[in-house]
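Okay, structure first, notes after.
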Amino acid sequence: MMDRFEIEGEEVLDGTAKPSGNSAHVIVPKRWRGADVKVVRISEPDSDE
């Protein structure tokens, strides 16, 4: 069962968390540098990673 979150913000984008060393990253537009952001996971991660 998924939780529901309500977030007020300026802009939304869809992306995929990509491998990065021992972690993962999500690329956002360059113009977002220095901005406060929130990331919400909406699916289960792949089990093979």
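The shown structure was predicted, so the numbers you read here are calculated from the model rather than taken from an experiment.
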- Inter-residue atom distance M2.CE - S43.OG, 0.5 Å rounding: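 Answer rounded to 0.5 Å: 7.5 Å.
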- Give, for atom CG of D46 and atom OG1 of T16, the distance between the pair rounded to the nearest 0.5 Å.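 Rounded to the nearest 0.5 Å, the CG-OG1 separation comes to 9.5 Å.
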- Side-chain contact, heavy-atom cut-off 4.5 Å: W32 with E11?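 In short, these two side chains touch, coming nearer than 4.5 Å.
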- Query: Would a 4.5 Å heavy-atom cut-off, applied to side chains only, mark I7 and V12 as touching?
  - Reply: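 In short, these two side chains do not touch, never coming nearer than 4.5 Å.
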- Which residues share a side chain to side chain donor-acceptor pair (under 3.5 Å) with E44, sequence neighbours left out: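 Partners of E44 under the side chain to side chain donor-acceptor pair (under 3.5 Å) test: none.
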- Message: Check for me, please, whether V37 and V26 land in the same ILVMFWY cluster - side-chain distances under 4.5 Å, paths through other members count.
- Response: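 Hydrophobic grouping puts V37 apart from V26.
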- Least distance between heavy atoms, P19 atom then H25 atom: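 Scanning both residues, the minimum pair turns out to be O-CE1, 3.7 Å.
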- Identify the two heavy atoms, one from L13 and one from P29, that lie closest to each other, and give their separation to 0.1 Å.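 Looks like CD2-CD, 3.3 Å.
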- Message: Taking CZ in R33 as the centre, count heavy atoms belonging to other residues, nucleotides or ligands within less than 6.0 Å. Is the count above 12?
- Response: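 Atom CZ in R33 is not packed in, count stays at 12 or less.
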